[in-house]
Chemist: 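One structure coming up, written as structure tokens, with questions to follow.
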Amino acid sequence: LETKEDELKKEQSLSELTRQSLLTHIDFGDAFRPFLELQNTIAKALESIILPSLDVENIFKNIAESLRPALELHNLIDNYFRENQQYITTMLAGFQKGVELYKDSAEKFKYIIVELGWPPTDILYPEELTTIVEEYSKHGCESIRKDVDAFFLNKFDLEEINLILERWESTKALKSRLPILQQAINAHLEGNYYLSVPALLPQIEGIIADGYAHYGRMNGKNLGQYFKVLLSDTDMLSFDIAALEFLSQYILVDFVHGLPPKSSLSRHAILHGADTNYGTATNSLKCILLLDYLQDSFGYVSIGNGNSYHLIGCPVVLNFKVKYRNKGWVVYKDKNSAHKSAKLPCKICKP
Ligand SMILES: [Zn+2]
């Protein structure tokens, strides 16, 4: 039924689609828009089937009609893949190579970023990450340090910082400390770094205590153990190892009064009043990024022998926390790991 012209048009749009996905490597968002639009068309057609009547003949007619674009698309894709096998194979090989290169950069990035004095963050684009790794390999750590600092301060502008705050505001587990976080972010955005840094630093221990339902005094050893458990994802694309290293090299270092601090962002030296030079934009941003990484590592928890997993702020969890303290408390980074442990989503907090 189709004219040659129509076919040509569709072929062109498909190759444009492939080209787009090649260019963007990882973000397929736009490339799949036509598919999403199709999905909407079908959903609308189905709606019209279910709502008006129970006229069987019409129902089948409507179903056939609603599936027509899907079948057309299916044939189109099928033909396209048949005719362009070699091109697609080359394209996929290129894509695979891109992924391998990114993995290699990500692995190096974990060590480089800590040496450069920054906590890891998942907010960087792949090309930003690979650029830092390339520049480091070409020029070495010291000659790019200032540029990397400038890059971070520039990237995490008002808009990006507000996005982080919005995420915090929608995280149940952070609810009780939101007024502190909001004021700390305000202070950061207004350049009051002597206020933002000491407001943010104690929140690190706070979210760990909340996340593991810790009861009683928390000493350095307890805290270290929690960090080790929380930041134990050894996946190639996880930055846990960098976060752990950043904590131990910069944040958790000890100090003595009367001697220069061993790190420019020592939690003890700053909060015990020994360090009086900590109020810098970079320090303040480092605290925000570290806190963001840590809070993001707490996904869900299961408690005792229960077969559900919950959001950390769930009433069931809060009740358990008081009654049974921290017995049988397991943290899952994401839903997948909770499912792997055969846990089901809680019906109250609906994670
Ligand atoms: Zn729950």
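Counting starts at 1 for both ligands and their atoms, following the listed order.
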Chemist: Extract all donor-acceptor atom pairs below 3.5 Å that involve side chains of residues 243-250 and protein atoms in other chains or at least two apart in sequence.
Modeler:
from: Glu245; atom 1: OE2; to: Gln249; atom 2: NE2; distance (Å): 2.9
from: Ser248; atom 1: OG; to: Glu245; atom 2: O; distance (Å): 3.4
from: Tyr250; atom 1: OH; to: Val114; atom 2: O; distance (Å): 2.7

Chemist: Running the 4.5 Å side-chain criterion over Ile, Leu, Val, Met, Phe, Trp and Tyr, what cluster does Leu163 land in, apart from itself?
Modeler: none
Chemist: Just the protein N/O/S atoms under 2.8 Å from the Zn ion (ligand 1), please, no waters.
Modeler: His310 ND1, Cys314 SG, Cys346 SG, Cys349 SG
Chemist: Who are the side-chain hydrogen bond (donor to acceptor under 3.5 Å, both in side chains) partners of Asp275, not counting sequence neighbours?
Modeler: none
Chemist: Does Lys97 pair with Glu100 as a salt bridge, N-O distance under 4.0 Å?
Modeler: no
Chemist: Output yes when a side-chain donor or acceptor of Asn307 lies under 3.5 Å from a complementary backbone atom of Lys343, and no otherwise.
Modeler: no
Chemist: Indicate yes or no for a side-chain donor-acceptor contact from Thr171 to the backbone of Arg167 under 3.5 Å, with no hydrogens or angles considered.
Modeler: yes
